[in-house]
Number of protein chains: 2
Amino acid sequence: MYGFNTVSLDQKGRLAIPAKYRSCLIDANETKIIITKDPQYPSLKVYPESQWHEISSKLESLQGLDPIVRNLQWTILGNASVIEFDPNSRMLVLIPLELRKYADISDQKQISLIGMGNKFEIWNVNNWEMRQTGGSLSTEILDVVLPESIKSMSF
Amino acid sequence: MYGFNTVSLDQKGRLAIPAKYRSCLIDANETKIIITKDPQYPSLKVYPESQWHEISSKLESLQGLDPIVRNLQWTILGNASVIEFDPNSRMLVLIPLELRKYADISDQKQISLIGMGNKFEIWNVNNWEMRQTGGSLSTEILDVVLPESIKSMSF
DNA sequence: AAGTGAGTTGGTCTATAAGCCGGATTCTGT
DNA sequence: ACAGAATCCGGCTTATAGACCAACTCACTT
């Protein structure tokens, strides 16, 4: 799952996974994807199930009453939407309104998909453009000094 | 058990566990859940029995005269409410008034449920909204420097 | 230029949650 | 101890949101 795509959301907020990504998922025998918030930027991340399993178990094992850790857990785990799909279908997935609002795509028709190998990201077209050209985004969510324990982790 | 839900309490303070969570509990052969206070924030935590067993035994084994530890034990263990449910029903559970007051949902119709994998949390909708957007909550309970012994634990 | 595959849209149907209601059990007061 | 009342618990009905299905259009390929 690599590369850039511009696709459209329909009026119901549904996204059809592009064929390129779809075939990757099928080849890897994935049957579920998980959509959740990106803790740093106003965007969404989409993981195949196996990948999600890694992420979430790492995150859940981060114990502690540290507010930053709890924030990460809330953001990523607490907003995860698990979606099971039929490999034969078009993989039409409904992105929950809460997540659409977060990524600022609730009233957008066009959105950007960015393939990152084992996951892909969903961006507001304008925000992605700004990020590419070094402009400032409408919001940057997590802007704190991370504890060493999680600095080296990827989500 | 992942993701965000807004559900309603009925006039008597009862909560119907959402189907998403319900199926997870059934799959894991759980028949009891434990509701208790979150020591840090005005919210409640709901554990399936097996998970609770881990948490509570860790917490009970913490010996010492440290006031913070005793506080944690009082808050978490002392407020735990064990609820047995029928896997065939809607899993309607009555949240004790004391706990409803604590989470500031005693006169609320809508509440937020946040799935955290092996547990989920119950929040006042407004408090959750504030937390998400970085605003301040009506109360933050435990805001102290934690001893090393419990810093690494999660409840 | 036609056919195939992908993207998009709309409609329908089912599963789930919310509200209502009645029965049962417990607690209290006499 | 018994009766009344209040609280707790399960079932039933209705409305709605989400999942499924099918068709249409556009673009690309041969």
Side-chain angles (χ1 to χ4, degrees), chain A residues 1-27 31-36 44 46 49 79-101 105-115 120 122 125, chain B residues 1-27 31-33 35 46 81-101 105-115 120 122 125:
Chain A
M1 285 192 294
Y2 291 107
F4 176 79
N5 280 290
T6 301
V7 297
S8 65
L9 288 184
D10 64 22
Q11 292 157 343
K12 296 177 183 174
R14 289 179 298 179
L15 157 70
I17 309 287
K20 285 185 204 170
Y21 297 171
R22 218 185 299 163
S23 54
C24 288
L25 293 170
I26 293 173
D27 290 348
T31 60
K32 289 179 192 170
I33 56 175
I34 288 85
I35 305 184
T36 192
L44 307 177
V46 182
E49 190 186 19
N79 286 289
S81 176
V82 180
I83 297 166
E84 195 161 2
F85 58 76
D86 172 8
N88 302 324
S89 78
R90 289 285 152 80
M91 298 190 188
L92 227 64
V93 298
L94 178 71
I95 304 175
L97 181 59
E98 169 74 17
L99 296 184
R100 270 181 282 149
K101 282 191 202 155
I105 54 171
S106 51
D107 52 0
Q108 299 290 315
K109 224 177 85 63
Q110 297 292 101
I111 62 173
S112 295
L113 299 188
I114 297 94
F120 67 90
I122 299 175
V125 175
Chain B
M1 284 192 295
Y2 293 108
F4 175 80
N5 278 291
T6 300
V7 297
S8 64
L9 293 181
D10 65 17
Q11 302 132 344
K12 295 160 187 170
R14 287 181 299 178
L15 156 71
I17 309 286
K20 283 186 208 167
Y21 298 172
R22 219 184 300 161
S23 55
C24 289
L25 293 170
I26 293 173
D27 290 349
T31 60
K32 289 179 192 169
I33 56 177
I35 305 184
V46 182
S81 174
V82 180
I83 295 167
E84 195 159 355
F85 58 76
D86 173 8
N88 301 324
S89 77
R90 280 202 291 155
M91 298 191 187
L92 231 65
V93 299
L94 179 69
I95 304 173
L97 182 59
E98 167 72 16
L99 297 184
R100 268 181 282 151
K101 282 190 199 158
I105 55 171
S106 50
D107 53 359
Q108 298 290 315
K109 222 174 78 66
Q110 298 288 101
I111 61 172
S112 295
L113 300 187
I114 297 94
F120 68 89
I122 298 175
V125 176

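All values below come from the heavy atoms of this structure, side chains included, with hydrogens, waters and symmetry mates left out.
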* Asked: Are the side chains of F85(B) and L25(B) in touch, meaning some heavy atoms are under 4.5 Å apart?
  -> yes
* **CD1-CG distance between I122(A) and L99(A), expressed to the nearest 0.5 angstrom** => 8.5 Å
* Considering all heavy atoms, the nearest F4(A)-I114(A) contact -> CD1-CG1, 4.0 Å
* Asked: Can I17(B) and F120(B) be said to form a side-chain contact (heavy atoms from CB on, under 4.5 Å), step by step?
  -> CA-CA 11 Å; I17(B) 309 286; F120(B) 68 89; 4.0 Å; yes
* Under 3.5 Å, side chain of R90(B) to main-chain N/O of A16(B), donor-acceptor pair present? -> no
* **Minimum heavy-atom distance between D86(A) and M91(A), given as atom pair plus value** => O-CG, 4.4 Å
* To do: Mind checking S89(A) for me? I need base, sugar-phosphate or nothing, with any heavy atom below 4.0 Å counting as a touch.
  => nothing
* Structure fact -> Rounded to whole Å, CG of D10(B) lies from P of dC12(D) at a distance of 18 Å
* Structure fact -> Result for 5'-nearest mapping on DNA chain C, choosing between R22(B) and Q11(B), is R22(B)
* To do: Would you mind classifying the nucleic acid contact of K20(A) as base, sugar-phosphate or nothing, using non-hydrogen atoms under 4.0 angstrom?
  => nothing
Tabulate protein N/O versus nucleotide N/O from nucleotides 15-21 of chain D, keeping only pairs under 3.5 Å, one per line.
{"residue": "dC20(D)", "atom": "N4", "partner": "R14(A)", "partner atom": "NH1", "Å": "3.1"}

* Asked: Which part of the nucleic acid does A19(A) contact within heavy-atom distance under 4.0 Å: base, sugar-phosphate only, or nothing?
  -> sugar-phosphate
* Walk me through it: do L113(A) and Y21(A) pass the test side-chain contact (heavy atoms from CB on, under 4.5 Å)? => CA-CA 10 Å; L113(A) 299 188; Y21(A) 297 171; 4.1 Å; yes
* 5' to 3' contact window, DNA chain C with chain A (heavy-atom distance under 4.0 Å) -> dA6(C) to dG11(C)
* Asked: Do other residues, nucleotides or ligands put more than 12 heavy atoms under 6.0 Å from Y2(A) OH?
  -> no
